A.B. asks: 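Sending over a structure as C-alpha cells; questions will come in a sec.
Computed from a prediction, not measured in an experiment: that's the story for all the values here.
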Amino acid sequence: MVLSISEKVPGKRVAFTANGAPVPIVMSINLENIDNEKTLVTTCIDVEIPAMLKPLVGPKLQEAAEKFGDMIGNIAKY
C-alpha cells in the first residue's frame with residue numbers, strides 16, 4: 001500500500017489516498033489556526049469497510065488512527 005497526496009488546501013488540509021489497498025482509504029490532516037502561535041491539528045482516517053468485516057477490522061483501524069495522530073503530534077514537538 002502506498003499513500004499519495006490526493007488533496008492540498010494550503011494552511012487547511014492535506015489528504016492522502018491509499019493506493020493498492022483492498023478498500024478505499026483516505027487519511028487526512030486538518031489544520032485550524034487558533035492564534036499566531038497555535039494550530040489545532042485533527043487527523044482522520046476514512047475507510048469504506050463492508051458491514052460484516054467491521055467487528056474484525058474496527059479495533060485495528062482505531063489503533064491505526066491513534067498512531068497516525070501520535071505521529072503528527074510527535075512531528076509538532078520539533
Side-chain angles (χ1 to χ4, degrees):
M1 184 169 72
V2 175
L3 293 176
S4 60
I5 296 175
S6 56
E7 178 184 5
K8 283 197 285 188
V9 180
K12 299 282 183 188
R13 175 180 165 88
V14 178
F16 303 89
T17 300
N19 300 317
V23 294
I25 300 173
V26 176
M27 299 171 63
S28 63
I29 303 168
N30 302 298
L31 307 167
E32 181 180 340
N33 189 28
I34 303 298
D35 59 35
N36 288 337
E37 296 182 11
K38 294 181 184 177
T39 301
L40 176 64
V41 178
T42 307
T43 57
C44 179
I45 299 177
D46 185 24
V47 183
E48 294 180 28
I49 303 171
M52 64 185 176
L53 294 179
K54 283 185 182 182
L56 300 172
V57 180
K60 291 293 184 185
L61 285 175
Q62 182 62 44
E63 182 180 336
E66 290 169 3
K67 287 183 179 182
F68 183 50
D70 290 343
M71 178 189 70
I72 298 302
N74 286 335
I75 290 172
K77 291 178 184 177
Y78 296 100

A.B. asks: Is there side-chain contact between I25 and M1, with at least one heavy-atom pair below 4.5 Å?
C.D. replies: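 With C-beta onward as the side chain, the pair touches.
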A.B. asks: As an exercise, state the distance from CG of N74 to NZ of K67, rounded to the nearest 0.5 Å.
C.D. replies: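 NZ of K67 is found 12.5 Å from CG of N74.
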A.B. asks: Given the rule that I, L, V, M, F, W and Y join up when any side-chain heavy atoms are under 4.5 Å apart, are I49 and L56 in one cluster?
C.D. replies: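 Yes, one cluster joins them.
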A.B. asks: If I compare all heavy atoms of S4 with all of N19, which pair ends up nearest, and what's the gap?
C.D. replies: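 Nearest pair, atom of S4 first, then N19: OG-ND2, 2.9 Å.
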A.B. asks: Does the pair T43 and M71 meet the rule for a side chain to side chain contact (heavy atoms under 4.5 Å, CB included), with working shown?
C.D. replies: CA-CA 10 Å; T43 57; M71 178 189 70; over 6 Å; no
A.B. asks: Starting at CE of M27, measure out to CD1 of I45 and round the result to the nearest 0.5 Å.
C.D. replies: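 That separation rounds to 4.5 Å.
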A.B. asks: V23 and P50: which non-hydrogen atoms are nearest, and at how many Å?
C.D. replies: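 Nearest heavy atoms, V23 then P50: CG1-CD, 4.4 Å.
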A.B. asks: Where is the tightest heavy-atom contact between F68 and S28, given as atom of each residue plus distance?
C.D. replies: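 That closest heavy-atom pairing would be CE2-O, 3.6 Å.
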A.B. asks: Using the rule that two of Ile, Leu, Val, Met, Phe, Trp, Tyr join whenever any of their side-chain heavy atoms come within less than 4.5 Å, decide whether I5 and V41 are in one cluster.
C.D. replies: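 Yes, I5 and V41 fall within the same hydrophobic cluster.
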A.B. asks: So which atom in P59 and which in P55 form the shortest heavy-atom distance, rounded to 0.1 Å?
C.D. replies: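 The answer is CD-O, 3.6 Å.
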A.B. asks: Please report the shortest heavy-atom distance between N30 and R13, naming the atom on each side.
C.D. replies: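 Shortest heavy-atom separation between N30 and R13 comes out as OD1-NH1, 3.1 Å.
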A.B. asks: Kindly compute the distance separating OG1 (T39) from NZ (K12), expressed to the nearest 0.5 Å.
C.D. replies: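 If we round to the nearest 0.5 Å, T39:OG1 and K12:NZ are 10.0 Å apart.
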A.B. asks: Is the CG atom of D35 crowded by more than 12 outside heavy atoms at less than 6.0 Å?
C.D. replies: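 Yes, because the 6.0 Å sphere around CG of D35 holds more than 12 heavy atoms from other groups.
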A.B. asks: When clusters are formed by joining ILVMFWY residues with side-chain heavy atoms under 4.5 Å apart, either directly or through shared neighbours, do V26 and L3 land in the same one?
C.D. replies: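 Cluster IDs for V26 and L3 differ.
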